[in-house]
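Computed over heavy atoms, backbone and side chain alike; hydrogens, waters and symmetry mates excluded.
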Amino acid sequence: MDVESLYQDIILDHYKHPRGRVLLAEPSGESHQVNPTCGDEVTVQVALDADGHIRVGYEGQGCSISQASASVMSEMVDGVDPREAESVRRAFVELMHSKGAAEPDEDVLGDGIAFVGVAKYPARIKCALLPWMALHDAEVRAGIDTNAEGAQA
Amino acid sequence: MTPTLDVARIRKDFPILSRTVRNERPLVYLDSAATSQKPLAVLDAEREFYETANAAVHRGAHQLAEEATDAYESARARIAAFVGGRPDDLVFTKNATESLNLVAYAFSNASAKAAHGGDDLDPRFILSPGDSIVVTQMEHHANLVPWQEVCAKTGATLRWIGVTDDGRLDLDELDSVIDETTKVVSVVHQSNILGTVNPVRLVMDRAHQVDALGVVDACQSVPHQPVDVNALGADLVAWSAHKMLGPTGLGLLWGRQEVLSAMPPFITGGSMIETVFMEHSTYAAPPKRFEAGTPMVAQAVGLSAAVQYLEDLGMDAVAAHEHRLTGAALERIGALRGVRIIGPRENVDRGSAVSFVVDGLHPHDVGQFLDDRGVAVRVGHHCAWPTCRRYSVPATTRLSTYIYNDESDIDVAVEGIVAAQKFFGV
Ligand SMILES: Cc1ncc(COP(=O)(O)O)c(C=O)c1O
């Protein structure tokens with residue numbers, strides 16, 4: 001295991017060219033999360049559009065893993081049904097707890113599969129999860145029902 | 001002439017330094033400001049204590065209890081002497097954080113008791129609105145958060161001495177920040193994030209001018225330079241065993257006898273009492289007043305061995321060795337393109353913690369690259385978040401050396417920084 005497998009090209013690309021990195025004009029829920037050990041910060045905002053799809057905005061500062069993860073999150077969940085967003089989020093959380101042994105499903109996680117190597121570095125899992133924790137918290141604050149079918153509470 | 005350290009010989013005393021990490025890379029340990037490694041002499045001392053003399057101290061009428069008590073109190077005497085203190089003025093705690101809390105709680109406990117009519121309290125420890133507490137802008141959270149709590153409980157105001165752009169205390173503020181309202185001044189001797197060695201004597205003298213008590217956080221100085229608690233001019237001095245080759249689980253608080261005697265207890269219970277009735281109790285004299293419960297005996301014995309080890313090397317030689325390494329680190333890291341040192345760049349009044357930021361790279365990513373090469377450094381805010389904010393950086397990468405490092409360790413780190421810059425294209 002070396003550092004190149006942690007920093008896959010997809011991660012570097014999202015870090016250098018973040019997708020959807022803007023705040024929403026009218027958020028209905030917002031969450032600011034910090035990683036107190038290293039100072040990574042991310043603010044995630046959510047709202048539902050007229051079709052009932054979730055809109056996601058964010059900004060942040062921090063390491064490549066946390067910021068690339070926020071970019072991937074935005075790419076995967078912005079504009080989708082809240083329950084679908086929740087299943088992506090759960091899949092990502094599960095991937096992070098896999099100790100690097102998982103074979104992630106690209107259909108579900110998209111570019112999120114590039115984070116499989118992160119799960120082998122316990123100190124970096126928190127970085128990768130930060131935006132997804134903020135997403136969940138923002139949804140709760142916005143009162144968005146994310147209960148995916150068959151998902152445990 | 002100060003003798004130089006034989007690093008190759010010293011390294012043989014630290015088994016952990018010969019292990020490999022990540023892909024069989026030799027370990028390059030540059031995180032001693034967080035915690036130092038432990039020599040065999042310390043491990044042996046703890047083991048021998050457990051094998052031959054383990055018993056509860058200051059209790060029991062048997063021979064083992066006597067021997068354990070003797071080991072514990074002899075350790076106290078040796079550790080106190082190491083910093084020029086008397087054994088009765090040295091309190092064992094869990095770590096420096098607890099030592100500083102013990103002091104902070106003396107103020108909030110005295111203030112709370114005074115509010116309920118307690119009459120045997122020393123007025124120096126009683127705070128009320130209008131009083132001030134002074135720290136600096138380069139404190140470790142351990143010497144900041146406890147004082148914020150004291151202020152919240154007593155109505156006192158927290159003030160701080162600022163820092164200059166080059167990482168020094170702004171001494172121009174000394175006389176205005178510390179004034180007649182000030183009841184306690186608590187400052188770090190050697191900053192764990194900036195590396196600055198502060199002129200604590202000057203600050204303590206100013207504190208005493210206005211009849212305030214003076215506290216020094218000596219966590220990073222006692223392990224790395226000769227420290228005489230009397231010369232610091234402080235009333236109370238806190239530090240930790242684990243940063244000076246000793247075990248975890250042991251902290252130190254030295255105090256002037258008269259000041260310790262005037263302080264109410266912090267943690268209460270067994271071993272710290274004089275007499276106990278159902279309604280009330282009276283307390284033992286220091287240091288026992290501050291050592292409630294069964295203490296860390298084996299750890300004290302371990303630290304005593306660490307002190308012996310450092311004395312054999314000579315603290316002057318330790319300081320000279322680190323001064324040389326600090327010079328090399330400042331020069332080689334400072335010369336890198338796109339790298340900025342946070343803290344004094346001049347190797348004067350400077351400890352071996354060297355913090356830096358790399359343009360376009362987050363410290364976490366720098367640390368990861370170094371780790372990949374076997375180099376252990378600390379990244380983050382180093383428990384000095386307000387200091388990071390002062391320098392407008394979210395975090396830094398920090399390299400810190402000790403007796404078992406040499407210049408080649410710094411070179412490996414420098415190569416890792418350059419490799420990270422290359423990989424990320426910055
Ligand atoms: C300057 C300084 N003060 C206080 C502390 C707290 O020490 P400990 O964590 O051992 O209580 C540290 C180290 O972490 C430090 O470097």
**Q** Nearest 0.5 Å please: distance from the OH atom of A:Tyr7 over to the CG atom of B:Asp372.
**A** 9.0 Å

**Q** Just wondering, more than 12 heavy atoms not from A:Asp9 lying within 6.0 Å of its CG?
**A** no

**Q** Side chain, backbone, both or neither: which part of A:Tyr15 has a non-hydrogen atom closer than 4.5 Å to chain B?
**A** side chain

**Q** Is it the case that over 12 heavy atoms from other parts of the model lie below 6.0 angstrom from the CD atom of A:Gln61?
**A** yes

**Q** Take atom OH in B:Tyr105; do more than 12 heavy atoms of anything else shown fall under 6.0 Å from it?
**A** no

**Q** For the NE2 atom of B:His364 and the CG atom of A:Asp40, what is their distance to the nearest 0.5 Å?
**A** 7.0 Å

**Q** Take A:Val3 and B:Phe423 through the side chain to side chain contact (heavy atoms under 4.5 Å, CB included) test and state the conclusion after the steps.
**A** CA-CA 10 Å; A:Val3 78; B:Phe423 183 81; 5.9 Å; no

**Q** Within the 4.5 Å heavy-atom criterion, are A:Arg124 and B:Asp365 side-chain neighbours or not?
**A** yes

**Q** If you count every heavy atom of other residues, nucleotides or ligands that lies below 6.0 Å from B:Arg332 atom CZ, does the total exceed 12?
**A** yes

**Q** Nearest 0.5 Å, what's the CG-SG distance between B:Leu361 and A:Cys63?
**A** 11.0 Å

**Q** Which heavy atom of A:Gly62 sits nearest a heavy atom of B:His362, and at what distance?
**A** C-CD2, 3.2 Å

